[in-house]
Amino acid sequence: MTLVAGIDSSTQSCKVVVRDAETGRLVREGRAAHPDGTEVHPSHWWSALQDALADAGGLDDVAAVSVAGQQHGMVCLDEDGEVVREALLWNDTRSAAAAAALTDELGAAEWAARIGLVPVASFTITKLRWLAQHEPANAKRTAAVCLPHDWLTWRLRGTGDLADLVTDRSDASGTGYFDSVTNSYVPDLVSLALGRSDVVLPQVLGPAEWRDGPSRLAAGAGDNAAAMLGVGGGTDILVSLGTSGVVTATSDVRAQDPSGIVAGFADATGRYLPLACTLNAARVLDATARMLGVDLTKLSELALSAKPGAEGVVMVPYLEGERTPNLPDATGALHGLTLANATPANIARAAVEGMLCGLAVGLDALAEQGADVTGVRLVGGAAVSPAVREIAPVVFGVPVTVPAPGEYVADGAARQAAWTLTGGATPPEWTLADSTRYAAEAVPEIRARYGDAARKYLNR
Ligand SMILES: Nc1ncnc2c1ncn2[C@@H]1O[C@H](COP(=O)(O)OP(=O)(O)O)[C@@H](O)[C@H]1O
Ligand SMILES: O=C(CO)[C@@H](O)[C@H](O)COP(=O)(O)O
């Protein structure tokens, strides 16, 4: 049996799956935690990867490996390959002013037309502008800029040569200085952010391309493109509830949304991945459980014991600021509390409904970009919550399928690794685990009341 490994270096942890390259059968797996924070030294990802690999039985018998990872994080390297400063992650909002300035300099419509994105604090380009303005010595020392998955792939390769940095089209498309239609970097956008363009950027490999390493090293992918590969593509909208909340689909055209709600990313197969992302998903439930003094199982039971609409309690869950809508300095709030409805059950239900309502805005925006919103597939850590599964169709207004619990980002990376062995235009077909379907009547008042509460932020 030939084995392949897929790695998901995500915001909260590192997960490894080892699978049979031919059938996709899971052989073994491992995981390790990442530190908290939106500014993390990449060495933590490397040590978590070592722990997760050890937990998964190592790579000695593995023919090919692929690393997928959290998107957009800025990893700066000096000319010796040393990390210049802690990486600024996708959910670090300090570059919000840089994002606004960059947007003004070209205009939102031109950004959307040129690269399919309108800058928000998540994107790498805004972090480069922040670095140039706030840490000029670090900016000057920077000889190469790469993303979390690129850096880990490079460390696995082990040459230490900046010229050996590689990435893939999906993750490059989230930098803000890559054009996924021409498949090339845009040096004038790097210059606009950093004041110069003479930095090494990782070479963009094709979907089944690889480089030598301890085993064959695939191009890797952004975590959302890898998740799409892991669930086998298909026509349903994919909703991921990890640290981030993501609504995405596969498309043959790059999204061009001047409102910035939908980012025109690329996927990991040569197509496109229009995507809307919130900063507040699974951790809204973590925080609400903490607030109520219960665990996540009890939180789910409480939410399901309340009526749809939580008797008028609405949570706007902007606990980390927000990116969709672009409100980096916002904070969360509970609305509509009365003496009668202020119960743990209603607050638990309002947290689940609020998190899902934030993503429903992304569903609408994807539909406006031409996506067919007739069903949703739910993945990510919070998709195991019974309350989330049952309330999602009520909020989204379409049936929801939940694939068997698994690590779909790491699975997608493993499938890409297998693709390096088979070559060809499409990834190998793997048998997918069974899914469970959840259908329920929509309750439009939930979204209407949430919309009223969320609009108060936009008017500030
Ligand atoms: N039963 C559950 N109910 C709700 N949330 C859960 C449950 N189990 C795990 N989670 C949450 O899932 C999140 C981790 O999901 P994951 O997709 O691995 O995140 P990331 O990819 O961003 O690191 C954590 O915030 C965790 O609390
Ligand atoms: O910024 C985005 C997508 O644009 C996020 O989806 C990150 O890629 C982080 O993913 P998770 O760790 O939450 O899975």
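Atoms within each ligand, like the ligands themselves, are counted from 1 in listed order.
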Among protein heavy atoms, which lies nearest atom 13 (C) of ligand 1, and at what distance?
A282 CB, 3.6 Å

Salt bridge present between R447 and D364 (N-O < 4.0 angstrom)
yes

Looking only at protein heavy atoms, what sits closest to atom 10 (N) of ligand 1 is G381 O, 3.5 Å

Suppose we measure from atom 5 (N) of ligand 1 to each protein heavy atom; which comes out shortest, and what is that distance?
A382 CA, 3.6 Å

Shortest protein contact, atom 2 (C) of ligand 1 (heavy atom only)
V384 CG2, 3.5 Å

Find out whether the Lys NZ or Arg CZ of R169 is both under 6.0 angstrom from the six-membered ring centre of Y272 and within 45° of the ring's axis.
yes

Atom 5 (C) of ligand 2 has as its nearest protein heavy atom S244 OG, 3.4 Å

Would you please determine whether K15 falls within less than 4.0 Å of ligand 1 on a heavy-atom basis?
yes

In the protein, what heavy atom is nearest to atom 3 (N) of ligand 1, and what distance, to one decimal place, separates them?
S385 CB, 3.5 Å

Protein contact of atom 1 (O) of ligand 2 - nearest heavy atom, named by residue and atom, plus distance
R323 NH1, 2.8 Å

Students should be able to answer this: which protein heavy-atom is nearest to atom 25 (O) of ligand 1, and at what distance?
D286 OD2, 2.7 Å

Interatomic distance, CE@M228 vs OG@S170, rounded to 0.5 Å, equals 11.5 Å

Can you report which non-hydrogen protein atom sits closest to atom 14 (C) of ligand 1, along with the distance?
Q12 NE2, 3.9 Å

Among all protein heavy atoms, pick out the one at the shortest distance from atom 3 (C) of ligand 2; state its residue, atom name and that distance to 0.1 Å.
N224 ND2, 3.3 Å

For atom 23 (O) of ligand 1, the protein heavy atom that lies nearest, with its residue and separation
S10 OG, 2.6 Å

Please check if any side-chain donor atom of T182 sits under 3.5 Å from a side-chain acceptor atom of D179, or the reverse.
yes

Taking 4.0 angstrom as the limit, do E29 and K15 come out as a salt bridge?
no

Ring-plane angle category for W151 and W46, please: parallel below 30°, perpendicular beyond 60°, tilted otherwise.
perpendicular

In terms of atom number and element, which parts of ligand 2 are under 4.0 angstrom from non-hydrogen atoms of V246?
6 (O)

Would you confirm whether E322, through its side chain, and L279, through its main-chain N or O, come within 3.5 Å as a donor-acceptor pair?
yes

Report the distance from atom OG of S122 to atom CD of Q70, rounding to the nearest 0.5 Å.
11.0 Å

for atom 12 (O) of ligand 2, nearest protein heavy atom and its distance come out as T11 OG1, 2.4 Å

Atom indices of ligand 2, in the order listed, that fall short of 4.0 Å to a heavy atom of S10
12 (O)

Do T126 and S95 pair up side chain to side chain, a donor and an acceptor below 3.5 Å, judged on atom types alone?
yes

In ligand 2, which numbered atoms sit nearer than 4.0 Å to a non-hydrogen atom of Q71?
3 (C), 4 (O), 7 (C), 8 (O)

Could you state the interatomic distance from CG (N224) to OG (S244), rounded to the nearest 0.5 Å?
6.0 Å

Per-residue contact class, R283 against ligand 2 - non-hydrogen pairs under 4.0 Å
neither

Those atoms of ligand 2 less than 4.0 Å from some heavy atom in F265:
4 (O)

Part of V409 within contact of ligand 2 (heavy atoms, under 4.0 Å)
neither

Could you check whether D55 pairs with R31 (Lys NZ or Arg NE/NH1/NH2 to Asp/Glu carboxylate O, under 4.0 Å)?
no

I need the contact type for T243 against ligand 1. Using non-hydrogen atoms and a strict under-4.0 Å cut-off, is it side chain, backbone, both or neither?
both

Which pair of non-hydrogen atoms, one from Y185 and one from P202, has the smallest distance, and what is that distance?
OH-O, 2.7 Å

To which protein heavy atom is atom 11 (P) of ligand 2 closest, and what is the distance rounded to 0.1 Å?
D223 OD2, 3.3 Å

Short list, please: which atoms of ligand 1 are under 4.0 Å from a heavy atom of G380?
17 (O)

Can you tell me how the ring of F265 sits relative to the ring of F123, calling it parallel under 30°, perpendicular over 60° and tilted otherwise?
perpendicular

Just to check, does C277 reach to within less than 4.0 Å of ligand 2 when the distance is taken from its heavy atoms?
yes

Heavy atoms only, cut-off 4.0 Å: how does H72 contact ligand 2, side chain, backbone, both, or neither?
side chain

In Å, rounded to the nearest 0.5 Å, how long is the span from CD of E353 to CE of M355?
10.5 Å

